[in-house]
Every structure is written in structure tokens, then in C-alpha cells.
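Below is one structure, written out as C-alpha cells; comments come after it.
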Protein chains: 2
Amino acid sequence: MIEAADKKRELILDKALLRFAHFGINKTTMNDIAEDLAISKPSLYYYFPDKISLVIAVAERIFNEFFTRLEHIILKSATVQEALNETIELRKIFFKKYFMLHIGDTPSDMNLNHEGIKALMQQTREKENVLIKDLFETGIKRGELKANESKQIAELYMDSIIGLGMCVMGKQEKQLMPESKGFEEVLTKQKALTEIFLNGLKN
Amino acid sequence: MIEAADKKRELILDKALLRFAHFGINKTTMNDIAEDLAISKPSLYYYFPDKISLVIAVAERIFNEFFTRLEHIILKSATVQEALNETIELRKIFFKKYFMLHIGDTPSDMNLNHEGIKALMQQTREKENVLIKDLFETGIKRGELKANESKQIAELYMDSIIGLGMCVMGKQEKQLMPESKGFEEVLTKQKALTEIFLNGLKN
DNA sequence: GTTTGACTTTTTTAATTAAATAGTCAAAAG
DNA sequence: CTTTTGACTATTTAATTAAAAAAGTCAAAC
């Protein structure tokens, strides 16, 4: 019955994701999730050995969805700039949607200090960097831009875009849920930086 | 005896700055400072009505020194790129030197939530943005680069540079005093971004 | 105008306890 | 043999309080 077990694991992840996204990881107890599913706590622990495994599985699912959409964007886009602009919008959507998980920022809500989470985060960032590096290389082949050391350039670009977001969001008054205005300002500035950055790689 | 009082205020600021820079603001008590100066606590309070006034006065002194040097850099530099590169180095020096004051980042050590500090920080950031804006405009006049909306461009540049620093430093393991390696990586990346950014403003 | 000893008030820290939550296990059900 | 659960234990977190430290005051003196 390995199929049924997998199916149930998915069901658990569905519910856990809803709770995590709405209340945050720390405000969601294993009991909450078990009750949502109308099962007992030991049943839940039968499928996930501990809470952190569940959290990681949920995070992996989110990142998988992200990368699926990111790869699609890169494939369908005609130019590097178009791809990066859509990537910026995708990032905004995900950041907003899963803000309560506080993934990717300073451990304000949860103990992201856990090894497994940190490893996943780093691995995810590296994977995204590789995709952006490939995108830059495609742009170079197409003659849209010029650069050697595309790996460093891609990393610099990603650090700049992410940092720009941190900087702009940081100016806002700290709230439980940041204002929508803030997200829009980040988006606008990230796109503006992207345009100048790409222009800087044209000669 | 208004002169002597000012002189004494300066003496107090000297000692306070040393303590703040070495132990941080929260680990420095008004008693510590009074003892350093071999005066009583009420004497200290005679010159500064409360601790936050003292902190703000110290911060203002630091920023004044920073702006003096920044203005000098801008005046003597032949090109925008040269000026920005030296500005980046200046920022590194100050950030490293006064790291323990935790000025400009998330209130990890001190209660920077205080209104006066926040106002000073914002005012300082705005002043720096104006200087950079003027620098860009000089560059435009000289024909080094092209851009309309120099104010927005300057703000975007500053946010990007500062954010890049936050992003790169954030990857490091959190320590009391971050590694020197981290500062160097920030410096290198900020200079690289500056080069591409300016290049992106050339056409 | 400046300084201070002795004081009060406020804020931090440490210690204690109570409560909540994570996690286990042996037994039972399918 | 896989899955489920009631009843349990072990950890972590949150609330409470007491003690200590630090901020800030004041009347008196120099």
C-alpha cells in the first residue's frame, strides 16, 4: 500500500501548508494539523517522524512549484529582460503568498536555524542561481548581452535583486503582514535595476 | 562659561564613543561613562538630559565625520565611478569601525526604535542620497552618463548597494563581530555592481 | 554655573513554575 | 503487515515573580 501512503502524505501536506501559510509555522501545532485531518497525533507521526520533516516537506513542495513556474517562464520568454521581469513578478507572488512562513529572511518567527532548513534554503538559492546563469548565457549566445564569468554575474544580479527587496521592505514599519504598497515598490525597483543591469551588460 | 561647557560635552562624547564602539550601546551604562571621566553621574546628566540624547549626539558626530569625508571624495574625484568606488570603501571603513553600534540595521542589540534615532537615520540616508544624486548629475553634465530622473536613479543605486551588503552579510554565520572576509566580499560585489550600473547608464 | 551623595523609578535579568506542545509506545484494528 | 489510537512522557515555551542593575532625580554644596 505504498501508493495510499504517498497519497495520505500529500493530504497531510495540503493541510499543513494551509495552516503554515496562514498562522506561521510556530503558531501551528502538530495537534492542529491532526485535528484538521480528523486523525490522531500518532497517525500524523506515522507519516512524518517529526515536525521539522513536515516543515521541510512543505517547503520543498513550495519550492518545486516555484521552480516549475520559473523554468516555464525562462523557456517561453523571448528575451532575457522579459524573463527576468516575469521572474521578479513570480518571486513577488510567492513571497507574498508564503510570507507567514518567513522563509528566506531572518529567523523572526521560526527557528530556521535548523540545519535541514538552512541546507534546503542554500540548495534552493544555488539552484535558482544556476537557472539565472543559464538564462544569462542564453542571452549572450543570442547576442542580447555580453559578459564573461556568467556565474559571478548571475550571483551578483541575484544578490542585488534580493538585497534590494530586503532594503526596501526594511524601511517599512514592521508589521505582522507588510503593506501591499511595499511589495509593489520592491517590484518596481527590482525591474528598474534589472533594466539598468542588463543595459550595463550590452557593450 | 559657555565655551567650557561645550568643551566638556565634547570630552564626554569622546569617551562615550569609545565605549559604544567597543561594547555596544546597551552594554555601556551611564555609570561606566561617568567613571571613565572621573565625574559623578549627576554631572553627566547635567550635560546630557538622558542616555538617548548622548547616543544621538555620538551618532551625529559619526555621521558628520562621514559626510565630511564623503564630500571630500566627491570633490576630488575625476569620474563618477572613481567617486562611487571610494564611497564604497568609506562606507566599509565606517561600517566596520562602528559595527558595535548597530546603526543602520535591524535592532539586534539596541532599541533603535526610538523616534529620535529613527529620524536621524532617515535624515542621514536622505542627505547621502542627495549627495549621490548631485554626483550623478555632475556625471551627466560631464557626459560620463545619461539619465533623467537622477533622484530616482540615485535612490535606486543606494538601495541596491545597501541591500547588496545586507544580502551578502546575511549569508554569513551570525557572530558577535562578523568576519573580515564578509566585509571584503561586500566591497568587491558593491564595486562590481557599481561598474555594471554605471555602464547601464552610458547610452 | 557646576558638582555630588543619596535617593527613587524604571528596566533587565534570573529563577521558578505552570502550561503547551513535541514526541513515544504498547496495544488494537483493519 | 500496515495503519491507527489512547494514554503516556519529555521538551519547550510562556507566564510569574523576585532580585539586580541601570536610568534618572533632587536638594544641598561648591
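Labels below follow one simple rule: chain letters A, B, ... track the order of the sequence lines, proteins then strands, and each chain is numbered from 1. Owing to the predicted nature of the structure, the values given are computational and were not obtained by experimental measurement. Heavy atoms only: backbone and side chains are in, while hydrogens, waters and symmetry mates are out.
For the pair A:I132/A:L84, a side-chain contact is recorded, criterion being any heavy-atom separation below 4.5 Å from C-beta on. In this structure the side chain of A:K191 reaches within 4.5 angstrom of the side chain of A:L187, judged on heavy atoms.
The nearest whole Å value for the distance from the NE2 atom in B:H114 to the P atom in C:dT11 is 12 Å. The distance between atom NZ of B:K51 and atom C1' of C:dT11, rounded to the nearest whole Å, is 11 Å. For the pair A:D6 CG and D:dT3 P, the computed distance is 10 Å after rounding to whole Å. One atom, CD1 of B:I25, and another, P of C:dT11, lie 18 Å apart when rounded to the nearest Å. Protein atom CG of B:N26 is 8 Å distant from nucleotide atom P of C:dT12, rounded to whole Å. Note: CG (A:N31) to C1' (D:dT12) measures 15 Å, nearest angstrom. Atoms CD1 (B:I33) and C1' (D:dG24) sit 14 Å apart, rounded to a whole Å. Atom CD1 of A:I52 and atom P of C:dG23 are 9 Å apart (whole Å).
Helix-axis bend for the helix from C:dG1-D:dC30 to C:dG30-D:dC1: the local axis fitted to the five terminal pairs at one end deviates from that at the other end by 40°, rounded to 10°.
The phosphate of C:dT3 (OP1 or OP2) has a side-chain N or O of B:K8 nearer than 4.0 angstrom.
Within residues 36-48 of chain B, the residues approaching DNA chain D are B:K41, B:P42, B:Y45, by heavy-atom distance under 4.0 Å. Across residues 11-20 of chain B, not one residue has a non-hydrogen atom less than 4.0 Å from an atom of DNA chain C.
Listed by first and then second residue, the salt bridge (Lys or Arg N to Asp or Glu O under 4.0 Å) pairs involving residues 35-49 of chain B are B:R19-B:D36 (not counting sequence neighbours). Identified under the salt bridge (Lys or Arg N to Asp or Glu O under 4.0 Å) test for residues 120-136 of chain B, with sequence neighbours left out: B:R91-B:E128. The stretch residues 175-184 of chain A participates, sequence neighbours left out, in these salt bridge (Lys or Arg N to Asp or Glu O under 4.0 Å) pairs: A:K92-A:E184.
Scored by the salt bridge (charged side-chain N to carboxylate O under 4.0 Å, His left out) test, A:E60 finds no partners at all (sequence neighbours excluded). In this structure A:E82 satisfies the salt bridge (charged side-chain N to carboxylate O under 4.0 Å, His left out) test with no other residue, sequence neighbours excluded. Residues satisfying the salt bridge (charged side-chain N to carboxylate O under 4.0 Å, His left out) criterion with B:K96, sequence neighbours excluded, are absent altogether. In this view, A:R61 and A:E10, A:D14 satisfy the salt bridge (charged side-chain N to carboxylate O under 4.0 Å, His left out) rule, not counting sequence neighbours.
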Donor-acceptor list for residues 148-157 of chain A side chains, cut-off 3.5 Å, not counting sequence neighbours:
from, atom 1, to, atom 2, distance (Å)
A:S150, OG, A:E137, OE2, 2.6
A:E155, OE2, B:K189, NZ, 2.6
A:Y157, OH, A:T194, OG1, 2.7

Going by atom type alone, with no hydrogens or angles, which donor-acceptor pairs under 3.5 Å involve a side-chain atom of residues 65-76 of chain B and a protein atom two or more places apart or on another chain?
from, atom 1, to, atom 2, distance (Å)
B:T68, OG1, B:N64, O, 2.8
B:K76, NZ, B:E86, OE1, 3.2

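Backbone-only contact: A:T28 has heavy atoms under 4.0 Å from sugar-phosphate atoms and none from a base.
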